[in-house]
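The block underneath contains the structure these notes are about, expressed in C-alpha cells.
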Protein chains: 2
Amino acid sequence: MRLTTKGRYAVTAMLDLAIHHGEGPITLADIAQRQGISLSYLEQLFARLRKRQLVSSVRGPGGGYTLGRNAEEISVAEVITAVDENVDTTRCGGAHNCQDNQKCLTHELWHDLSDRIHDYLSRITLDDLMKRRDVQEVAQRQEDGAPSVAAGSLKAQAR
Amino acid sequence: MRLTTKGRYAVTAMLDLAIHHGEGPITLADIAQRQGISLSYLEQLFARLRKRQLVSSVRGPGGGYTLGRNAEEISVAEVITAVDENVDTTRCGGAHNCQDNQKCLTHELWHDLSDRIHDYLSRITLDDLMKRRDVQEVAQRQEDGAPSVAAGSLKAQAR
DNA sequence: GAATTCTTGACTAATTTAGTCGGCAATGTA
DNA sequence: TACATTGCCGACTAAATTAGTCAAGAATTC
C-alpha cells in the first residue's frame with residue numbers, strides 16, 4: 001500500500017464530506033478552503049473518487065459532492081486505493097518479478113506488510129474517524145475559525 | 001514510516017550480508033550482482049548504513065562489508081530509517097503543522113498508522129528473515145543460478 | 001607499486017507529486 | 001433566454017524525489 005500525500009488529501013477531503021453530510025451537496029471550493037487543499041488538485045482527486053462511486057456529484061448552482069454511500073460503509077483503504085492506483089509495497093506490485101523476473105529476496109516481507117497496512121486501514125471507516133475526539137476538535141476549529149488567515153473581524157458571521 | 005524502493009534495497013542488501021555472514025567481508029560488487037542493484041547506488045546506501053553503524057567496512061583487497069551487529073540485533077525498521085531519514089506518514093513529520101500551523105483533520109490517523117508500521121517492522125530482525133523458507137529459497141537460487149541472464153550453459157558449474 | 005575495495009561528492013535522467021490553466025457541460029435562477 | 005454557478009476534462013508545468021552515473025581519492029593487501 002502506497003502512502004502519499006495524495007491519499008492523505010483524499011481521505012481528508014472525504015472526511016470533510018462525511019462531517020458535512022446532511023447539509024446538501026458540498027462544493028469543492030468549500031473543501032478546498034476548509035482543508036487547505038488546492039481546488040484544481042481536488043478536482044483531479046474527485047474525478048477518481050467518482051469513478052469508484054465513492055462520491056456522487058450534482059452540477060449547477062447549489063451543486064457539489066456527497067458521499068456515494070454511508071460513512072460507515074467507506075473505508076480509508078478504499079479511498080486511498082481509489083486515488084493512488086498503485087496499492088503495493090512490493091516493487092513489482094504483486095507480480096513476482098522484482099528481480100530478473102523472479103521474486104527478490106525480500107518479496108514476501110513487503111507483501112506481508114502491504115497486507116497488514118491494508119487490513120488496518122480497511123477496518124477504519126469514515127464514520128469511525130468522525131467519532132474520534134481529535135477529529136471533532138479540528139472540525140470544530142475549522143467551523144469556527146473560518147479561513148484562518150482571512151479571519152479577523154468576520155468571525156462573528158460564521159456559518 | 002516512509003516505504004520506498006530505497007528502503008527496500010537497503011533491507012535486501014543487509015539481508016544478503018546476513019546470509020553471507022561468516023564468509024568474511026562481502027564486497028558491494030557481489031551484492032550488486034546477486035541482488036540486481038546498481039553498485040553506485042549501493043555505495044550511497046551503505047554510506048548511510050555505516051554512519052549508523054549497521055555495517056562495518058574493511059578496505060583494500062579482500063575487503064568489503066560485514067554486519068555491524070548480530071543479525072538478531074538488527075531490525076528491518078532500523079535499516080529503513082537509516083537510509084530513509086524521513087520516518088513519518090504525517091505530512092508534517094510528527095510536528096503538528098500539517099495545515100495552517102495546526103493539525104490537519106487526519107493527523108492522528110497517519111500518526112497511529114506510522115506507529116503501527118514502525119512497531120511491526122521493528123519486531124522483525126534480519127535473523128528472522130533469514131529463517132523464512134521463502135528467503136532461503138531465493139537465496140539458494142541466487143547461489144546456484146548465478147547472474148540469471150548469463151546463465152545458459154554454465155548452469156552445471158554452479159558453486 | 002599495482003590492484004582492490006571502500007569513500008566522497010558532484011552531477012543527471014526519469015518519474016512522481018502537486019499543482020495551474022483554460023475551456024466546456026450541465027443546471028438552477030432571474 | 002441569459003447568466004452565474006458548479007462540476008468535468010485534458011493539457012501543461014514546477015519542484016521534489018528516486019535511482020542512478022561518473023570521477024577522483026584513500027586505505028589496504030600482495
Side-chain angles (χ1 to χ4, degrees), chain A residues 2-13 17 23-33 35-66 68 80 83-89 91 93 98-99 104, chain B residues 2-13 17 23-33 35-66 68 80 83-89 91 93 98-99 104:
Chain A
R2 256 174 91 228
L3 300 167
T4 72
T5 50
K6 204 177 206 164
R8 291 203 277 282
Y9 278 164
V11 174
T12 303
L17 269 193
E23 304 177 16
I26 306 295
T27 68
L28 290 189
D30 283 351
I31 300 179
Q33 196 191 35
Q35 306 306 333
I37 305 174
S38 118
L39 174 59
S40 331
Y41 200 43
L42 277 178
E43 285 176 356
Q44 280 180 44
L45 299 180
F46 273 73
R48 301 196 187 189
L49 294 172
R50 209 174 64 97
K51 257 180 217 148
R52 310 282 189 114
Q53 301 181 310
L54 291 174
V55 296
S56 61
S57 61
V58 182
R59 286 180 164 196
Y65 286 94
T66 50
I80 293 181
V83 297
D84 222 29
E85 63 273 349
N86 201 335
V87 194
D88 231 286
T89 328
R91 190 185 193 179
C98 353
Q99 184 200 358
C104 72
Chain B
R2 256 174 91 229
L3 300 167
T4 72
T5 52
K6 205 177 205 165
R8 291 202 278 281
Y9 278 165
V11 174
T12 303
L17 268 193
E23 304 176 15
I26 305 295
T27 69
L28 290 188
D30 283 350
I31 300 178
Q33 195 192 34
Q35 306 305 333
I37 306 173
S38 118
L39 174 58
S40 331
Y41 200 44
L42 278 178
E43 286 173 354
Q44 281 180 48
L45 300 180
F46 273 72
R48 301 197 188 189
L49 294 173
R50 209 174 65 97
K51 255 179 218 148
R52 310 280 188 117
Q53 302 181 308
L54 292 175
V55 296
S56 61
S57 61
V58 182
R59 286 178 165 197
Y65 287 94
T66 50
I80 293 180
V83 297
D84 224 29
E85 64 277 345
N86 202 335
V87 194
D88 231 286
T89 327
R91 193 185 192 177
C98 350
Q99 186 200 359
C104 71

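Below, read A as the first sequence line, B as the second, and so on, with proteins coming before strands; counting in each chain starts at 1. Keep in mind that what you see is a predicted model, and the values were worked out from it rather than measured.
- Not a single side-chain hydrogen bond (donor to acceptor under 3.5 Å, both in side chains) links B/Ser40 to another residue, sequence neighbours left out.
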- [ ] Begin from the C-alpha positions of B/Tyr41 and B/Lys6 and carry the test side-chain contact (heavy atoms from CB on, under 4.5 Å) through to its verdict.
- [x] CA-CA 9 Å; B/Tyr41 200 44; B/Lys6 205 177 205 165; 3.7 Å; yes
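- Mapping A/Gly60 and A/Ile37 onto DNA chain C by nearest heavy atom places A/Ile37 closer to the 5' end of the strand.
- With sequence neighbours excluded, the residues that form a side-chain contact (heavy atoms from CB on, under 4.5 Å) with B/Glu23 are B/His20, B/Ile26.
- Of the side-chain N and O atoms in A/Tyr9, one or more sit less than 4.0 angstrom from OP1 or OP2 of C/dG19.
- Among the heavy atoms of the strands lying under 4.0 Å from B/Ile26 are primed sugar atoms or P, OP1, OP2 only; no base atom is included.
- Nucleotide C/dG19 holds its P atom 12 Å from the CZ atom of A/Arg8, rounded to whole Å.
- The separation between B/Ile80 atom CD1 and D/dT18 atom P is 13 Å, rounded to whole Å.
- Closest of all the heavy-atom pairs between B/Ala13 and B/Leu42 is CB-CD2, 3.9 Å.
- At the heavy-atom level, B/Tyr65 lies under 4.0 Å from the strands shown only through sugar-phosphate atoms.
- Distance, B/Leu42 CG to D/dT21 P: 11 Å, rounded to whole Å.
- If you measure from atom CG of B/Asp30 to atom P of C/dC6, you get 9 Å, rounded to the nearest angstrom.
- The distance between atom CG of A/Leu45 and atom C1' of D/dC8, rounded to the nearest whole Å, is 14 Å.
- For the pair B/Ser57 and C/dT5, the criterion of a side-chain N or O lying under 4.0 Å from OP1 or OP2 is not met.
- One can place OH of B/Tyr41 at 17 Å from C1' of C/dT8, the figure rounded to the nearest angstrom.
- Taking atom CZ on B/Phe46 and atom C1' on C/dT8, their separation rounds to 16 Å, with Å as the unit.
- The nearest pair of heavy atoms linking B/Val83 to B/Arg48 is O-NH1, 2.8 Å.
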Please list each protein N or O that sits under 3.5 Å from an N or O in nucleotides 9-11 of chain D, with the distance.
residue : atom : partner : partner atom : Å
D/dC9   : N4   : A/Glu43 : OE1          : 2.9

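- Shown here for B/Ala29 and B/Leu39, the closest heavy-atom pair between the two residues is N-CD1, 3.8 Å.
- OP1 or OP2 of C/dT20 sits under 4.0 Å from a side-chain N or O of A/Ser38.
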Could you give the side-chain donor-acceptor pairs of residues 54-65 of chain A under 3.5 Å, partners two or more places apart or in another chain?
residue : atom : partner : partner atom : Å
A/Ser56 : OG   : A/Thr66 : OG1          : 3.3

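- Atom CZ of B/Arg48 is separated from atom C1' of C/dG9 by 13 Å (rounded to the nearest Å).
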